[in-house]
Amino acid sequence: MANRRSFLKKSALASLSTLVGAEIVFANNLPEGLSPVILQDNTDFYSLFDKHKDMIVLNDRPWNAEAQAHLLDDEVTPASKMFVRNNGLIPNKIDVNKWTLTIEGESAKQTKTYTLSDLKKFPKHTYNLTLECGGNGRSEFNPPAKGNQWTVGAVSCASWTGVRLKDLLMDVGLKSDAVYIGYYGTDTHLSGNPEKEPISRGIPLAKALQEETLVAYSMNGQDIPIAHGHPLRLVAGGWPASVSGKWVNRLVIRNKVHDGAKMGGQSYRVPCEAVEPGTNVPDEKMCIIESMPVKSLITYPKTGALLNKKSLDIRGHAWAGELQVKEVHYSIDFGATWHLCELQAPVNRLAWQRWSAKASFPINGYYEVWVRATDENGHMQPMVIPGWNPKGYLNNACHRIAVKVS
Ligand SMILES: Nc1nc2c(c(=O)[nH]1)N[C@H]1C(S)=C(S)[C@@H](COP(=O)(O)O)O[C@H]1N2
Ligand SMILES: [Mo]
């Protein structure tokens, strides 16, 4: 861990205040190559990014951390309980006043550059948008898949405010052959090589033109936190969150599927046809993940709950990518019988939906509560892990919690 950030230039230290959360008073005296000790210890993840103490750090270079199910009980996920997924190093020098977004590309009618205040002149829209990492649930795949071993907590539903991507695309003008929008952010590749992008993904034009696809400048009514893309982020709810580029300073209008970092190969792609677990799947047989599958979480109670009564109000959220959730059921007998839960409509398209139920337990003992959501097309969550894939994406198996009644 020592000298983790020793590449930081003395000149950049002043702007580290954002990360440290206070002005580094004697920044000018800090010798070249020495970084603030607070940035060298992952126990400081919590203070660095203002995160809840129950968040679980999976990696510190780059920073990756997930929530636990019980942390996700809020209708609107607060920043402190929002998972952090980084492919590279968080930008350490952000000058909001100089920040610009450039839109260009072979299928753009012109190139345009906007400051943040230019963007704020466009009509403002706010939506609650579910962002789930494509790899959420990866830890359960067997044979195991490499990468962050997310359990259930790489999902959030915050309130995002910004300009519609489509309004910007109309402002720039699309050529008739435009099919895809790619993003570039200002985070740096782990190698430190400025020529390399940690990630540069994107969305097909149809998704880009949806009402709810935003270039956001605020989250939950405040500036976007540094870990989540401050000061500007693409937000396309319902799709793997990897398409929602953080720290965005450039969007490209493409005449073909965007070919930025982590668009090809095995990244964020699954076998086009189901395969046996452990199969080596050639790249050309892998397809890009689009809408995320139907899924749900039990956010109350916390797993391991001890009850001294035989009934309990249970609740959580359910979501289904581009679709709405039609029904949610729960079971207390390992899936032998299922009971319908109450289900609220989403506050807007692509927001998760609150479900709730009153569970009753016949006698004292150990139970599991299982919850299963069904989308509007009738697709149901599987009770056990779904189709294996090389990188461990799209695990939408039912969430289970333990409850003891005594
Ligand atoms: N610039 C940039 N954008 C990014 C990433 C990244 O590493 N760099 N990670 C992506 C991935 S894989 C996910 S799951 C989400 C995570 O968003 P969050 O950290 O705000 O929860 O951001 C996406 N956008
Ligand atoms: Mo992700």
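Just so you know, ligand 1 is whichever comes first in the structure, and atom 1 is the first atom listed for that ligand.
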Contacts table for ligand 1: protein N or O within a distance under 3.5 Å of ligand N or O, distances only.
from	atom 1	to	atom 2	distance (Å)
ligand 1	1 (N)	D187	OD1	3.1
ligand 1	1 (N)	D187	OD2	3.2
ligand 1	1 (N)	K246	O	3.0
ligand 1	3 (N)	K246	N	2.9
ligand 1	7 (O)	N87	N	2.7
ligand 1	7 (O)	N87	ND2	2.9
ligand 1	8 (N)	D187	OD2	2.6
ligand 1	9 (N)	R85	O	3.4
ligand 1	9 (N)	N87	ND2	3.2
ligand 1	17 (O)	R233	NH2	3.0
ligand 1	19 (O)	R85	N	2.9
ligand 1	19 (O)	K246	NZ	2.6
ligand 1	20 (O)	H228	ND1	2.7
ligand 1	20 (O)	R233	NH1	2.7
ligand 1	21 (O)	F83	O	2.6
ligand 1	22 (O)	R233	NH2	3.2
ligand 1	24 (N)	S244	O	3.0

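A 4.5 Å side-chain heavy-atom check between L168 and L119 finds at least one atom pair inside the cut-off.
Note on R315 versus E342: no salt bridge recorded, every NZ/NE/NH1/NH2 to OD/OE distance being 4.0 Å or above.
Side-chain N or O atoms of Y46 include one that pairs as donor or acceptor with a backbone N or O of M55 at under 3.5 Å.
With sequence neighbours excluded, the residues satisfying side-chain hydrogen bond (donor to acceptor under 3.5 Å, both in side chains) with S242 are R201.
Cation-pi geometry between R254 and Y180 is not met at under 6.0 angstrom from the ring centre and within 45 degrees of the axis.
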Test salt bridge (charged side-chain N to carboxylate O under 4.0 Å, His left out) on K285 and E273; report intermediate values, then the result. CA-CA 8 Å; K285 298 225 159 133; E273 317 260 315; over 6 Å; no
